[in-house]
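Right, one structure below, let's go through it.
Lettering follows sequence order; numbering is per chain, from 1.
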Amino acid sequence: MTDISVLEGMLNTLCPMHVILSKTGHIEHAGPALNKLLPQDNLIGMRFLELLQVKRPNIGPSMEDLRGTGGMKLHLKLRCPPCTEMKGVLVPLPEDAGFGPPGGAVVNLSFGISVIDAVRDFSLTSADFAATDLTVEMLYLVEAKSAAMAESHKLNMRLQGAKIAAEEQAFTDTLTGLKNRRAMDHIMERLVQSEQDFALMNLDLDFFKAVNDNMGHAAGDHVLQHVARLMVDEIRGNDTVIRTGGDEFVLIFNNLSDRKILAEIAGRLIAKLEHPIPFNGQECKISASIGSTLSCDYKSPDIDRMMQDADVALYAAKDRGRGCHVIYDVGLWHIGQGEQTC
Amino acid sequence: MHGLINRIIERFVRDTYGRNVWAGIMQELDLGFTEFEPMLTYENELTVQLLDLIAVRLDKPLPDVLEDIGTYLVSHPNVKAVRRLLRFSGENFVEFLHSLDDLPARTKLAVSDLILPSLELREHGPNFYSVVIGAAPGGICGFGHVVTGLLRTMADDYGALVYLDYKGQRDGMEIVEVRLLETAFAEGRDFVLGARAG
């Protein structure tokens, strides 16, 4: 009997989560850490395979089968909730009396990767692990890395926010808040890739130079801001207004292939832009010329070509006096015809 | 200097003395930003300037400020992760003292580019120790004061009663004497291995 108590004492220190099994596979002794899983009284006398299911390797239900796994890595699962997954290794004890229960076995258990939940589920403390066990160091590392990752994540979020703000600024005209020329290239590229119909409108303000010259730049800026608001109000949510230059704008209408609707929009825009704009007790009077083109008029829409054609239409519109809209037509290259609304 | 150190100094000032004090300090430093990023690196000189300015603004000797930072580091709820990570080093205060030698390595394991001065525990007799603090990287002086504040607060945390004495600096090394009067003087604060990190 002295022998067994020496063995138990050694094992309690070296591997606090061990069990000593009798020849019949019943638990004769359990290491102190196992008390956290089940009270000692319940453990002693319990069949090992009733406490834990051997998931791998696949073995039969007898103690002989269990002893046969000696030295192998056992994948185990607690049969009672919370059904924790465990790892284990078994050492068969000699058949003759002398060292532990004859024909029995020693099984050392550990939590493996489930240890993070297990310390919480079973309120484990560092006393439940052998002094040489690295589990507490691992828990430290998990917590330290999570804290470091959280800080890293916060930094990434802040950088991401700054990046979005910088991009927004780079693609936005600061005076009007409209998209700028740089943004236009991206939008056009997306448009062509989407293979959907769209209409392009080149819009130049008429008499804007006179406002700037006679009433000053403040009045000019005011007019541009007013005009920008007005155009944004006139378009639908997924359409775009771009300020490409001083008093030059490009409007893009998604899914638009109807010349009549395009002409109506242009007519409305011009009418609204011709309303006098009050500034410091005076009135700024402007108008707009518009040249437009529709992607559905092309076999394969090419952005550069369409922009060029919209420009031709715009010059045709200007030719006819101010406040006109012309939709591009191939004849415009020669004689300055085309559908128009003045 | 690692941004985490500047960030801790910042948190200490903000959590203890308020945002306005911090804003005033950053305004005077005129760096073009108001908060330190814990995951970036800053010039060492900046940390020295920052600490000197804080001492002036708070009208306190620098060693006292440093010791307060050590206390803050392991007691304020806003930085509770630090205290938890330190408690992983030992079951009781003596074990904690014995683990101090590992502290720079432990820190490196968590944040690989955070380099702390070396720490060495010397045992002179029963319950009589000294902690030798090596030269701080970047020529920051007075890390020993931070250690003093930290040890005092960790002793409270473990419920131990200690007497600490900062013995000063020699050859770039600082020495803090630790006399352990009682290991289980008070209850100490709770520590659970499996608690969620805050």
Looking at residues at least two apart in the chain, or sitting in another chain, which of them share a side chain to side chain donor-acceptor pair (under 3.5 Å) with B:Asp113?
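Applying side chain to side chain donor-acceptor pair (under 3.5 Å) to B:Asp113 gives B:His2.
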Report, as yes or no, whether the 6.0 Å neighbourhood of atom [atom1] on [X] holds more than 12 heavy atoms from other residues, nucleotides or ligands.
X	atom1	answer
A:Arg158	CZ	yes
A:His153	NE2	no
A:Met10	CE	no
A:Phe99	CZ	no

Taking side chain as everything from C-beta outward and backbone as N, CA, C, O, which of these in B:Ser89 sits under 4.5 Å from a heavy atom of chain A? Side chain, backbone, both or neither.
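Neither; nothing under 4.5 Å.
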Distance-minimising heavy-atom pair for [X] and [Y]:
X	Y	result
A:Leu155	B:Met39	CD2-CB, 3.6 Å
B:Arg106	A:Tyr140	O-OH, 2.6 Å
B:Glu91	A:Ser126	OE2-OG, 2.8 Å
A:Ala148	B:Val111	CB-CG2, 4.3 Å

Throw together a table of side-chain donor-acceptor distances under 3.5 angstrom for residues 71-93 of chain A, partners on residues two or more places apart or in other chains.
from    : atom 1 : to      : atom 2 : distance (Å)
A:Arg79 : NE     : A:Leu49 : O      : 2.6
A:Arg79 : NH2    : A:Leu49 : O      : 3.0
A:Glu85 : OE1    : A:Lys55 : NZ     : 3.4
A:Glu85 : OE2    : A:Lys55 : NZ     : 3.1

Side chain, backbone, both or neither: which part of A:Leu139 has an atom under 4.5 Å from a heavy atom of chain B?
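For A:Leu139, backbone and side chain are both near chain B.
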Select one option (side chain, backbone, both, neither) describing which atoms of A:Ala118 are under 4.5 Å from chain B's heavy atoms.
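For A:Ala118, there is no contact with chain B at all, as no heavy atom is under 4.5 Å.
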Assess the residue pair A:Glu151 and B:Arg7 against the criterion (salt bridge (Lys or Arg N to Asp or Glu O under 4.0 Å)); give the C-alpha distance rounded to whole Å, side-chain angles, the decisive distance to 0.1 Å, and a yes or no.
CA-CA 11 Å; A:Glu151 281 302 337; B:Arg7 178 68 169 185; 5.4 Å; no
